[in-house]
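The next block holds one structure in the form of structure tokens; read it before the comments.
It should be emphasised that the depicted structure is a prediction, and the values quoted were computed from it without experimental measurement. Remember, it's 1-based here, ligands and their atoms both numbered in the order they're listed.
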Amino acid sequence: MSLGVPALLVRGGTRVGGSGLIQTVHILDDPMDEYGEHEATDDPLQVLRHSTAHLLAAAVMELYPDAKYGIGPPVQDGFYYDFAFTKAISESDLGAIESRMRRIVNEDRPFVHETLSREEAIAEFRKRGQDYKLELIADKVEGDDVSVYRTGDFLDLCRGPHVRSTRDLKAFKLLRVAGAYWRGDEKKPQLTRIYGTSWLTPQQLDDYLKFLEEAEKRDHKKLGKELKLFIVDERVGAGLPLWLPDGATIRRELERFIVDEELARGYLHVRTPDVAKLELFKQSGHAQLYAEYMYPPMKFEDGEELELRPVNCPHHIVIYQSDLRSYRDLPMRIAEIGNNWRYERSGTLLGLNRVRAFALNDAHIFCTPEQLMGEVKGSIELALYFSDVLGIEDFSYQVSTRDDVKEKWLGTEEQWQRAQAALIEALESMDQPYRIGVGEAAFYGPKIDFQVKDAHRREFTNSTVQVDFQLPERFDLEYVAEDGSRQRPIMVHRGAAGAMERLFSYLIERYVGAFPTWLHPVQVIVIPITDAQLDYARKVADRLRSLRLRVEVDTRPERMQRKIRDGQARKVPYMAIVGAREAETEHVNIRDRSGNQVDSSLESFASMVATEVTERRR
Ligand SMILES: [Zn+2]
Ligand SMILES: [Zn+2]
């Protein structure tokens with residue numbers, strides 16, 4: 001019955017696809033069947049949450065007897081249940097549903113497990129008009145025994161386990177309403193998904209609701225709009241964000257930082273097109289193994305077929321092969337912030353975190369087996385350096401290795417051993433703790449995933465180091481060894497800062513708009529106290545701009561206090577206030593975004609900000 005997916009983990013997470021950096025988000029509320037596709041769990045919180053989902057469905061069926069219920073699994077921090085209502089409901093209806101849930105709690109209804117014959121189960125759900133459950137029985141239940149749970153009149157197809165009685169459910173709250181396709185399939189009817197949360201104690205619930213409130217404030221989708229950083233517009237399409245001027249400024253700074261640092265570390269930055277002939281992706285294997293995420297090819301009258309690239313690897317391989325390479329050229333690190341196109345299903349799109357076009361801080365390192373360990377180490381060091389400068393905290397590593405099922409993996413046992421050892425040794429030599437995910441490697445080689453969490457504690461992969469034995473074979477890659485023989489290089493796919501979109505969403509939530517000065521779209525606002533200081537204010541701005549700082553002069557006919565407040569709301573690092581005294585002495589009165597105030601000469605202020613920016617201080 002189980003598909004072998006660990007309970008409540010990574011459906012839609014780590015994918016085994018073609019070669020190349022695979023964008024992964026571990027979203028813990030992907031649709032799961034309550035009958036079968038998530039393994040029964042004894043974790044008390046999960047049992048509690050799943051039981052609360054039943055309670056929700058029981059309450060809904062009492063209030064809306066015509067509704068049909070779909071599935072109701074536990075998810076990270078809570079649960080949901082999907083319903084088809086005859087009349088649309090909204091968040092304003094949740095209060096009444098919650099009251100009914102509390103009434104059922106007080107009635108102390110036991111959760112009763114029964115095993116029905118297939119015939120009995122079909123009759124029961126048919127009597128209730130529950131078509132979705134009938135469909136699940138037809139598709140999911142093998143054999144003649146059907147496991148169900150009863151809570152009063154409410155009957156659910158379920159393997160349990162559950163709490164003893166509804167009275168055990170003490171601390172829950174319904175949170176929101178969303179649309180969700182039946183069984184996650186866009187061709188199937190859209191249902192109404194009600195999300196809730198449930199905890200062991202009222203204190204835990206309270207803490208969680210506070211956390212949620214804080215997370216909402218930090219949510220990058222909300223802040224992105226408020227701070228005018230990016231938008232998503234239906235006319236352009238879902239999952240295709242538009243970077244507004246301030247967002248684009250931050251991205252440009254990030255890209256310069258990344259590219260300059262990589263150049264300093266011996267990477268060769270290239271530019272390659274977003275499309276290639278479909279043939280190229282057939283050779284790489286993506287057209288066969290990764291088709292689900294690729295856009296349909298563009299067909300032309302002369303028979304040519306072009307494809308938007310889902311990964312950059314094949315283009316970089318073509319660059320590697322543009323010349324005969326010798327051992328002296330290795331390791332060769334070809335890098336690009338390359339645009340990738342992946343057709344993610346609309347239900348899985350998530351702000352900037354999961355999009356349909358993104359720019360990856362990508363590199364492909366071609367090296368000898370002896371160089372592998374050093375290159376892995378260098379890749380981790382670079383990712384750590386980026387994290388340090390950007391303030392990425394609370395991350396963890398997973399080393400994904402192969403298991404013993406031989407036919408699943410490409411490459412020889414010895415290659416795998418060597419590559420896995422290199423990955424682990426690299427992390428250990430750098431004192432970096434890691435966990436091992438046995439059997440979670442890509443089929444073409446082992447990898448290290450660098451996991452970070454967003455404001456909602458959703459874990460996602462921000463960068464990875466992947467060893468690949470497959471593409472060098474498929475493309476017949478070679479280098480001339482010291483003895484003149486032709487040898488095959490190893491290929492390492494490596495993302496250090498990850499996708500620009502995902503990195504940006506992380507930084508928005510991390511800094512809640514108060515970006516470090518080097519990244520902030522406006523570094524200084526000059527505020528003249530009266531119009532008499534306008535000329536001096538412009539002079540201050542010119543001086544700062546001559547140092548390549550981003551400066552605005554606030555010439556609005558507003559009071560000074562208002563201008564300061566507005567600047568603080570935009571989290572602008574510095575406001576330089578200039579009155580008659582400042583103009584006379586070539587000084588500025590500086591107010592930073594936390595409210596500290598200090599008087600300084602224009603020159604020392606200018607050099608202080610310029611240094612802060614050049615050193616990319618946090
Ligand atoms: Zn790649
Ligand atoms: Zn259940």
- Over-ring placement of Arg265 relative to Tyr385, 6.0 Å and 45° cut-offs: yes
- Task: Kindly write out the residues that satisfy side chain to side chain contact (heavy atoms under 4.5 Å, CB included) with Glu120, not counting sequence neighbours, or none if the list is empty.
- Result: Leu116, Ser117
- Report the residues that fulfil side chain to side chain contact (heavy atoms under 4.5 Å, CB included) with Leu63, sequence neighbours left out, ordered by chain and then residue number.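 For Leu63, the residues satisfying side chain to side chain contact (heavy atoms under 4.5 Å, CB included) (neighbours in sequence not counted) are Ile97, Arg100.
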- Taking the N/O/S atoms of His493 one by one, which is nearest to the Zn ion (ligand 1)? ND1
- Message: So that I can check it, does any N, O or S atom in Cys313 come closer than 2.8 Å to the Zn ion (ligand 1)?
- Response: yes
- Query: Where the Zn ion (ligand 2) is the corner point, what angle links NE2 of His50 with NE2 of His54, to 10°?
  - Reply: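 An angle of 120° at the metal.
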- Query: From Thr368 OG1 over to Tyr327 OH, what is the distance, rounded to the nearest 0.5 angstrom?
  - Reply: 12.0 Å
